[in-house]
Amino acid sequence: MESVEYEKRVQDQVDQYIGVEEIHDLPESFHYWSNEFLRHQLNQVMEVEGVNDFYARHLGKGILESDSNVIASLGSGDCTTEVEIAKIMLRNGIDGFRFDCLELSPHLIERAENRIAEHGLKEYFRHVECDINKWKPNEGEYAGFMAAHALHHFVNLEGIFEGIRDGLEESGRFVTHDMIGRNGHMRWPEALRIVDYLWRIVPDRYRFDLRNRRMLDKYVNWDCSVDGFEGIRAQDILPLLTQYFGFERFLGFSNLHDVFLSRELGHNVDVSEEDDRQFVNFLEFMTSILIDAGYLKPTQMFAVLRKEKMETICWRHWTPEFCVRDPEIADFDSWWTDQSAQNAGQ
């Protein structure tokens with residue numbers, strides 16, 4: 001990427017959160033879905049009840065089993081998640097740790113430092129203002145790395161993953177929750193075909209874009225990576241992770257939900273109404289069946305990664321390798337038909 005274009009994207013990324021007080025808000029329809037369906041899968045695969053518990057449990061294991069007590073958080077933002085993780089770890093009797101919080105935006109760092117001070121946790125945190133794409137840790141420096149919905153903002157994934165692998169202590173964990181769908185959070189053609197069909201039959205109110213205050217007669221398969229770094233290399237994250245790390249635990253999930261339960265549209269789905277709850281249930285049912293068959297691929301993941309390859313605990317047969325969507329497949333329907341015929345013959 002040309003340096004002028006890259007620097008503009010960096011500035012766009014920094015400017016994105018100026019004046020935005022709440023950067024983690026999600027609609028009630030998303031929370032209904034996650035509580036009804038995702039929570040059970042998270043419990044089965046990761047042995048936790050929620051996202052913050054996921055990070056606290058597996059980063060805590062890294063601290064207890066390694067010679068380091070330092071965790072690096074990549075793209076730590078305003079540290080909402082990191083503060084809650086630290087509180088859980090302290091309640092669980094894990095003390096003497098430190099978060100190195102790596103963040104590009106000085107605005108978010110300032111907010112993070114205020115949040116940390118409010119919770120009386122300053123001794124557990126250190127901030128580093130930096131571009132993660134250019135950052136390198138010392139060998140074996142960290143008991144854990146975490147990336148909470150941050151990897152899909154990074155361009156130099158190969159360099160970052162190599163740095164994490166080198167910087168991770170032998171018994172350490174790299175713990176992440178992120179987007180793994182198509183670049184720019186676009187729909188792959190096979191998913192877009194289903195979304196376009198649903199778009200024609202759902203209630204009009206489901207199609208109202210609340211962020212831009214407009215009715216969408218047709219679903220816009222927008223590339224979010226045009227400005228800034230949103231989803232810049234999302235589709236490369238999972239394939240590269242399978243190359244650089246072993247998966248201790250992996251949970252792939254979601255696809256159609258990303259459209260209808262998004263920040264832009266999800267507030268239109270009123271889960272206090274039975275019909276709307278049934279629509280969310282239908283999205284889960286349809287997505288699950290099509291991922292099972294290999295036709296759709298998960299667009300999000302939870303993963304606990306290690307330096308060495310190992311047998312992976314995962315949901316059903318949805319291994320990391322199974323969940324990769326190969327971007328080189330030009331005619332996906334023909335490929336999938338061939339794969340289904342091969343599997344039927346085995």
Exercise. What's the spacing between Asn52 CG and Arg57 CZ if we round to 0.5 Å?
Worked result: 15.0 Å
For this session: Check whether Leu238 and Leu42 end up in the same hydrophobic cluster, where Ile, Leu, Val, Met, Phe, Trp and Tyr are linked by side-chain heavy atoms less than 4.5 Å apart.
Result: no
Problem set entry | Polar side-chain atom of Glu103 near backbone of Ser105 as donor-acceptor pair, under 3.5 Å | yes
Problem set entry | Glu274 atom CD, neighbour heavy-atom count above 12 within 6.0 Å | yes
For this session: Examine Leu151 and Val175 and state if one hydrophobic cluster contains both, with Ile, Leu, Val, Met, Phe, Trp and Tyr joined whenever side-chain heavy atoms are less than 4.5 Å apart.
Result: no
Problem set entry | Path from Val280 to Trp199 over hydrophobic side-chain contacts below 4.5 Å | yes
Exercise. Are the side chain of Thr242 and the backbone N or O of Pro239 linked by a donor-acceptor pair below 3.5 Å?
Worked result: yes
Exercise. Any side-chain heavy atom of Asp223 sitting closer than 4.5 Å to one from Asn183?
Worked result: no
Exercise. Do the two ring centres, one from Phe247 and one from Phe250, sit under 6.0 Å apart?
Worked result: yes
Exercise. What pair of heavy atoms forms the shortest contact from Arg306 to Glu170, and how long is it?
Worked result: NH2-O, 4.2 Å
For this session: Compare every heavy atom of Glu141 with every heavy atom of Val70, then report the nearest pair and how far apart it is.
Result: CB-O, 4.3 Å
Exercise. How many angstroms lie between atom CH2 of Trp222 and atom CG of Leu216, to the nearest 0.5 angstrom?
Worked result: 13.0 Å
For this session: May I ask you to check whether over 12 heavy atoms, not counting those of Glu308, lie within 6.0 Å of atom CD?
Result: no
For this session: Identify the two heavy atoms, one from Arg207 and one from Leu265, that lie closest to each other, and give their separation to 0.1 Å.
Result: C-CD2, 4.0 Å
Exercise. Say you draw a straight line from NE2 of His153 to CD of Glu230; how long is it, rounded to the nearest 0.5 Å?
Worked result: 3.5 Å
Exercise. Is the closest side-chain heavy-atom distance between Arg193 and Tyr197 below 4.5 Å?
Worked result: no
For this session: Verify side chain to side chain contact (heavy atoms under 4.5 Å, CB included) between Gln300 and Asn255, making sure each step is shown before the conclusion.
Result: CA-CA 8 Å; Gln300 299 189 51; Asn255 190 299; over 6 Å; no
For this session: Determine whether the aromatic ring centres of Phe174 and Phe245 lie less than 6.0 Å apart.
Result: yes
For this session: Report the distance from atom CZ of Phe302 to atom CZ of Phe54, rounding to the nearest 0.5 Å.
Result: 6.0 Å
For this session: Could you tell me whether Tyr124 and Phe97 have their ring centroids closer than 6.0 angstrom?
Result: yes
Seminar exercise, completed: Nearest heavy-atom approach of Met301 to Leu241 is CE-CD1, 3.4 Å
Exercise. Is there side-chain contact between Ile291 and Lys297, with at least one heavy-atom pair below 4.5 Å?
Worked result: no
For this session: Please check if the side chain of Lys61 supplies one atom and the backbone of Gly172 the other of a donor-acceptor pair under 3.5 Å.
Result: no
Exercise. Just checking, is any N or O donor in the side chain of His267 or Glu28 under 3.5 Å from an acceptor N or O on the other one?
Worked result: no
For this session: Indicate whether the side chain of Glu284 and that of His257 have a donor and an acceptor atom separated by less than 3.5 Å.
Result: yes
For this session: Verify the cluster assignment for Leu240 and Val155: are they in a single hydrophobic cluster under the rule of side-chain heavy atoms below 4.5 Å apart?
Result: no
Exercise. For Trp335 and Asp326, does a side-chain donor sit closer than 3.5 Å to a side-chain acceptor?
Worked result: no
Problem set entry | Distance-only side-chain donor-acceptor flag, Asn43 / Glu49, under 3.5 Å | yes
For this session: Could you give me the CA-CA distance, side-chain angles and deciding distance for Met146 and Thr176, then say whether side chain to side chain contact (heavy atoms under 4.5 Å, CB included) is met?
Result: CA-CA 6 Å; Met146 66 170 284; Thr176 185; over 6 Å; no
Problem set entry | Note, Trp135 side chain near Leu74 side chain (heavy atom, < 4.5 Å) | yes
For this session: Kindly check if the number of other-residue, nucleotide or ligand heavy atoms within 6.0 Å of CD (Glu110) is above 12?
Result: no
Exercise. Short question: side chain of Asp276, backbone of Val269 - any donor-acceptor pair under 3.5 Å?
Worked result: no
Exercise. Relative to each other, are the rings of Phe279 and Tyr206 parallel, tilted or perpendicular (30° and 60° limits)?
Worked result: tilted
Exercise. Is there side-chain contact between Phe30 and Ser262, with at least one heavy-atom pair below 4.5 Å?
Worked result: no
Exercise. Has the side chain of Tyr244 got a donor or acceptor atom that lies under 3.5 Å from a matching backbone atom of Lys307?
Worked result: no
For this session: Give a yes or no on whether the ring-centroid distance for Phe253 and Phe37 is below 6.0 angstrom.
Result: no
For this session: Take Trp33 and Asn281 through the test side-chain hydrogen bond (donor to acceptor under 3.5 Å, both in side chains) and record every step on the way to the result.
Result: CA-CA 8 Å; Trp33 165 74; Asn281 296 348; over 6 Å; no
Problem set entry | Distance, nearest 0.5 Å, that separates CG of Leu157 from CD1 of Ile132 | 12.0 Å
Exercise. Do Met179 and Asp258 come within less than 4.5 Å of each other through their side chains, counting heavy atoms only?
Worked result: yes
Problem set entry | Ionic contact status for Arg173 with Glu65, cut-off 4.0 Å | yes
Problem set entry | Thr80 and Arg115 side chains, donor-acceptor separation under 3.5 Å | yes
Problem set entry | Electrostatic pair Glu139-Arg165, nearest N-O below 4.0 angstrom | no
For this session: Answer whether the closest heavy-atom distance between the side chains of Leu121 and Leu90 falls below 4.5 Å.
Result: yes
Problem set entry | 4.5 Å side-chain heavy-atom contact, Cys101 and Cys79 | yes
For this session: Kindly say whether Ile180 contributes a backbone atom to a donor-acceptor pair with the side chain of His152 at under 3.5 angstrom?
Result: no
For this session: Supply the atom-to-atom distance Glu82 CD to Ile85 CD1, rounded to the nearest 0.5 angstrom.
Result: 5.5 Å
Exercise. Which pair of non-hydrogen atoms, one from Ala86 and one from Phe99, has the smallest distance, and what is that distance?
Worked result: CB-CE1, 4.1 Å
Exercise. Where do Glu47 and Arg249 land on the salt bridge (Lys or Arg N to Asp or Glu O under 4.0 Å) test, with the steps shown first?
Worked result: CA-CA 10 Å; Glu47 299 182 345; Arg249 297 170 188 264; 3.7 Å; yes
Exercise. Any idea which heavy atoms bring Tyr295 and Trp336 closest together, and the distance?
Worked result: N-NE1, 3.2 Å
For this session: For Thr299 and His185, run side chain to side chain contact (heavy atoms under 4.5 Å, CB included): C-alpha distance rounded to whole Å, both residues' side-chain angles, the deciding distance at 0.1 Å, then the answer.
Result: CA-CA 9 Å; Thr299 53; His185 306 322; over 6 Å; no
Problem set entry | Donor-acceptor pair, side chain of Ser66 and main chain of Ala143, under 3.5 angstrom | no
For this session: Using atom types as modelled and distance alone, determine if a side-chain donor or acceptor of Asp209 lies under 3.5 Å from a backbone N or O of Arg214.
Result: no
Exercise. Backbone N or O of Tyr142 within a donor-acceptor pair of the Glu169 side chain at under 3.5 Å?
Worked result: no
Problem set entry | N/O donor-acceptor pair under 3.5 Å between Asn268 side chain and Phe208 backbone | yes
Problem set entry | salt_bridge(Asp100, Arg98) N-O dist < 4.0 Å | yes
